[in-house]
Amino acid sequence: MAAYLIVDVDDLLRFSSYRGIDLHELAVALRGSAGFVAGLYDTASLKAVALADWRSQSRDENLQLEPETIFRSVGYQVVDVQDRSCLPECLLRDVFRHDSNPIDELILATTGTDLLPLIDEVQVTDTARIRVWGDDEEVARAPCLSRDIIFQPLVGLHGIKGQNVWVYIDFENISISLNEQGFVVNLDHLIERLVAQAQAHGKLVKMAAYAPWGQRGALPPLVDASGREVADDAPSRLMMANIDPVFHLPGKQSADIRIARDVLTDAGHPEAGDVIILATGDRDFNDVINPLLQRNKTVVVWGVRGSTGRLLQSHPSLQLEYIDDFTDLRTHQSLGAFETEVDIESFIPSQWSSVIIQYFRLEKSSSGGDITEENLIAQMIDIGDVISVERGNDLVSQAISLGILKQQSALGVLSLNLQHPVVEKTLLIVNRMIRRVANTLHSRSWEYVNYGFLLKGLAMERDLDRPGMNESDQWRSHWIDCLVREGILQRDLVPHRHNPDDLVPVIRLPETSDLPLAQTGGEGPSPIEFASEEWQGVPPHQLYKTDTEVAHMVNRIVVSVQQFTSFRNFAWCPLGSLHRRLREFDSGVIFQHAVEYLLVNNMVTVNEYPNPRSDYNTKGIELDEACPFAAVILAERDEFVRVLLEMYRSNVTISQANIEQRLGEDWDVSLWLSIMKTENVLNALPGRADQYSLFRTHHTVKLVANDDVDEVATA
């Protein structure tokens with residue numbers, strides 16, 4: 001039986017040094033494992049070949065014994081290869097040309113791909129087994145391994161024990177140090193690079209990150225690949241990468257004590273890591289490092305250049321690696337213009353939201369005075385956005401780098417970039433939410449808004465219907481919570497009106513009136529406006545000139561309420577059912593504004609009415625048909641229906657063009673067609689564009705015709 005083990009020594013030297021494996025031990029383990037898997041009773045029958053550039057290996061001062069000597073002593077045939085590009089050719093020439101028998105077992109031990117072409121060059125039997133023992137994903141993905149070739153990792157082979165790696169990350173220290181050195185802390189990228197660097201030292205068994213997780217403003221801004229601030233998501237993102245987020249109270253001393261205790265406790269376990277990595281720049285960890293070295297642990301320190309203590313840098317027994325060397329984090333200066341595509345991902349509250357909201361709060365209270373960096377940081381500390389001046393400086397510095405804030409002078413005067421997409425969207429959301437709450441409280445004379453009611457109302461805010469916005473109740477809850485944290489809204493628990501033992505969440509406006517609202521120009525958000533007071537006494541047709549959408553909704557409500565009450569012989573119509581019926585025409589608060597117009601002009605009454613189908617009262621709307629304004633709208637409806645009846649009786653196709661020809665230019669035919677379709681008076685004819693059938697026996701049609709109808713099939 002012809003069995004070959006080919007060992008790429010140049011590659012395996014890197015592998016053994018990373019994992020602390022003795023080269024002699026590795027050579028013996030490879031030969032013994034190869035004989036075992038080949039089914040050989042005597043390893044002397046195995047032809048073991050070690051190839052390398054032996055001259056360069058002999059000049060390596062870090063090796064106590066020359067690798068060539070090691071492999072010869074274990075029974076390997078050594079082949080000298082100075083040009084790695086011709087590894088297969090050298091083996092075919094110096095090894096396989098002397099053996100004409102086909103190979104039954106071929107094992108390649110390599111961490112690279114240079115040796116793999118040999119598989120296609122050697123002659124093997126029909127039942128031959130080919131194995132590749134490697135340690136690199138590149139080897140496992142090589143095209144030649146797509147066939148019936150067995151790939152096995154080197155670590156795990158009999159006799160080869162890799163080093164276990166345990167990592168302890170002082171995340172608060174590292175993130176602050178990176179930020180102070182001018183790096184933007186991209187959390188996802190940082191996690192990926194830390195894990196990869198740990199795996200380069202051996203088998204990653206444990207990884208923990210220590211920080212005051214959940215303490216708002218305790219860490220510098222953490223962003224994702226798109227630039228979105230994700231500090232609140234940091235613990236969950238760490239756990240997804242199998243990193244345990246460990247909480248400690250804010251403060252340097254708290255972190256040092258917790259990490260030191262855990263490291264020393266873990267080091268005493270029998271299965272403790274062979275390699276201990278401490279990600280910190282704190283010199284206080286010298287008291288932890290020395291006991292680890294006494295227990296023969298390999299200690300690696302990850303630090304940040306410019307922030308690592310001198311005692312750690314000069315320690316003779318440590319491996320010091322700089323995080324800024326094995327990551328390619330971007331700097332604040334490199335960001336320039338903000339590159340986040342905020343329209344792609346969900347636009348949720350972030351620390352930038354706090355900067356924007358508190359800037360406007362300051363601007364309002366300062367009555368047009370300059371807003372300085374010092375003022376803004378003090379305001380954010382006062383509201384709880386950050387816990388210290390240092391974290392405030394971090395936040396403002398990154399906001400300036402991202403273009404959210406602009407520096408107006410060397411004295412620290414700041415302005416807000418109203419054209420920035422994050423600023424524009426944040427202001428839009430904040431204004432729409434405050435306006436929704438304020439208008440609801442004002443128009444209904446309520447003390448508070450039920451939380452669920454507010455969520456439903458915000459869902460109908462058409463101005464918020466943009467990519468990544470207003471996508472779910474969870475999204476809306478995130479922003480309500482944000483405004484509560486920022487002191488813009490107030491959340492309380494009040495007894496349920498039908499069951500006082502149950503408490504329900506409600507939203508109020510705080511007693512203070514310093515709402516961060518401002519005109520932004522263009523299509524940006526606008527301040528709260530109570531326009532209903534200006535609508536008093538304005539006829540419906542005059543309302544068209546200033547508030548067309550509201551005027552349209554007024555017509556829809558009057559027609560729909562009148563039809564419901566007259567058909568069911570009811571005095572009122574459920575307000576919630578009416579809103580659901582007309583929701584598709586409500587672009588934000590149009591329905592609410594229309595109700596306000598109807599109320600201020602005494603066209604309707606909104607009240608709590610006894611509901612025969614429920615034990616509780618139902619909020620309803622009652623139409624006063626005798627009111628002149630309501631009578632005008634109903635008369636217009638009747639005239640439109642009469643035209644439809646005339647066309648029906650004359651067998652004329654009911655279409656928008658034919659209706660306009662009969663009514664003239666003064667009519668908004670599109671609106672009335674839409675109303676008739678909503679009320680089921682007209683139905684679109686299938687397959688016929690802009691043609692409708694009249695529901696001849698519809699209640700409203702019969703009402704207009706004074707019941708003088710013949711029961712003829714609909715046209």
Side-chain angles (χ1 to χ4, degrees), residues 175-176 178-187 216-234 329-342 345 347-366 369-430 479 482-483 485-488 516 518 520 524-525:
S175 61
I176 291 174
L178 286 170
N179 190 74
E180 289 176 345
Q181 296 303 315
F183 293 102
V184 177
V185 186
N186 181 336
L187 180 62
R216 188 162 168 242
L219 296 175
L222 308 176
V223 301
D224 62 9
S226 66
R228 190 163 54 96
E229 202 278 327
V230 292
D232 291 342
D233 297 336
L329 294 171
R330 299 183 64 181
T331 62
H332 296 167
Q333 291 74 16
S334 71
L335 290 178
F338 189 67
E339 297 178 359
T340 301
E341 182 51 67
V342 294
E345 296 191 31
F347 186 73
I348 60 176
S350 67
Q351 287 177 299
W352 317 129
S353 312
S354 301
V355 172
I356 296 165
I357 292 171
Q358 296 311 323
Y359 182 95
F360 267 116
R361 171 166 279 172
L362 268 180
E363 187 176 56
K364 185 175 181 64
S365 62
S366 65
D370 290 337
I371 307 299
T372 66
E373 185 172 340
E374 182 180 356
N375 300 147
L376 182 57
I377 293 173
Q379 174 74 11
M380 290 190 294
I381 292 176
D382 184 59
I383 205 70
D385 290 333
V386 293
I387 64 171
S388 64
V389 174
E390 290 75 15
R391 299 290 71 75
N393 281 323
D394 291 340
L395 193 57
V396 172
S397 173
Q398 288 210 28
I400 293 172
S401 298
L402 296 173
I404 292 173
L405 293 174
K406 293 182 179 180
Q407 288 181 311
Q408 297 298 324
S409 72
L411 299 177
V413 177
L414 301 173
S415 66
L416 199 62
N417 180 7
L418 299 177
Q419 282 69 49
H420 194 286
V422 170
V423 176
E424 189 268 335
K425 286 197 169 189
T426 301
L427 292 178
L428 175 66
I429 293 167
V430 172
W479 277 100
C482 170
L483 298 192
R485 288 196 307 268
E486 301 298 330
I488 306 305
T520 61

(request) To the nearest 0.5 angstrom, please state how far the OG atom of Ser415 sits from the CG atom of Asp370. (result) 10.0 Å

(message) Any heavy-atom pair between the side chains of Leu483 and Ile357 that's under 4.5 Å?
(response) yes

(message) Show the nearest heavy-atom pair for residues Val185 and Pro221, with the distance to one decimal.
(response) CB-O, 3.9 Å

(message) Could you go through Ile383 and Glu486, starting from their C-alpha distance and side-chain angles, then the distance that decides it, and tell me whether this counts as side chain to side chain contact (heavy atoms under 4.5 Å, CB included)?
(response) CA-CA 7 Å; Ile383 205 70; Glu486 301 298 330; 4.1 Å; yes

(message) Please determine whether the number of non-hydrogen atoms from other residues, nucleotides or ligands lying under 6.0 Å from atom CD of Gln181 exceeds 12.
(response) yes

(request) Grab the two heavy atoms, one from Leu402 and one from His420, that are nearest each other, plus how far apart they are. (result) O-NE2, 3.0 Å

(message) Just verifying a value: how many Å separate Gln398 CD and Asn179 CG, rounded to the nearest 0.5 Å?
(response) 5.0 Å

(request) Considering non-hydrogen atoms only, spot the tightest contact between Pro220 and Asp394 and give its length. (result) CB-OD2, 3.8 Å

(request) Compare all side-chain heavy atoms of Gln351 with those of Asp385 and state whether any distance is below 4.5 angstrom. (result) no

(request) Answer with yes or no whether the side chains of Asp382 and Gln358 bring together a donor and an acceptor at under 3.5 Å. (result) no

(message) How long is the straight-line distance from CD of Gln408 back to OG1 of Thr372, given to the nearest 0.5 Å?
(response) 12.5 Å

(message) The test is side chain to side chain contact (heavy atoms under 4.5 Å, CB included); show your working for Ile348 and Asp232 and say whether it passes.
(response) CA-CA 11 Å; Ile348 60 176; Asp232 291 342; over 6 Å; no

(request) For the residue pair Asn417 and Ile404, establish whether any side-chain heavy-atom pair is separated by less than 4.5 Å. (result) no

(message) So does Gly487 get a backbone contact from the side chain of Arg361, meaning a donor-acceptor N/O pair under 3.5 Å?
(response) yes

(request) Answer yes or no: is there a donor N or O on one side and an acceptor on the other, between the side chain of Tyr359 and the main chain of Leu405, under 3.5 Å? (result) no

(request) Return the minimal non-hydrogen interatomic distance between Trp479 and Phe347, and the atom names on each side. (result) NE1-O, 3.1 Å

(message) Could you measure the distance from the CD atom of Gln419 to the CG atom of Leu416? Nearest 0.5 Å is fine.
(response) 9.5 Å

(request) First locate atom CZ of Arg330, then atom CG of Asn186, and finally report the distance between them rounded to the nearest 0.5 Å. (result) 9.5 Å

(request) Looking only at non-hydrogen atoms, find the nearest pair between Arg391 and Leu219 and report the distance. (result) CD-C, 3.9 Å

(request) Decide yes or no on side chain to side chain contact (heavy atoms under 4.5 Å, CB included) for Thr426 and Trp352, but give the supporting numbers first. (result) CA-CA 9 Å; Thr426 301; Trp352 317 129; over 6 Å; no

(request) Could you pull out the closest heavy-atom pair between Ser175 and Leu222, with the gap in Å? (result) CB-CD2, 4.3 Å

(message) Any heavy-atom pair between the side chains of Leu414 and Lys406 that's under 4.5 Å?
(response) no

(request) Look only at the side chain of Asn393 and the backbone of Val389, and say whether a donor-acceptor pair between them is shorter than 3.5 Å. (result) yes

(message) Quick one, Leu427 with Phe360, criterion side chain to side chain contact (heavy atoms under 4.5 Å, CB included). Give me CA distance, side-chain angles, the key distance, then yes/no.
(response) CA-CA 10 Å; Leu427 292 178; Phe360 267 116; 3.1 Å; yes

(message) Is there a side-chain contact between Val396 and Met380 in this structure, where contact means two heavy atoms from C-beta onward sitting under 4.5 Å apart?
(response) yes

(request) To the nearest 0.5 Å, tell me how far Ile429 CD1 sits from Glu424 CD. (result) 9.0 Å

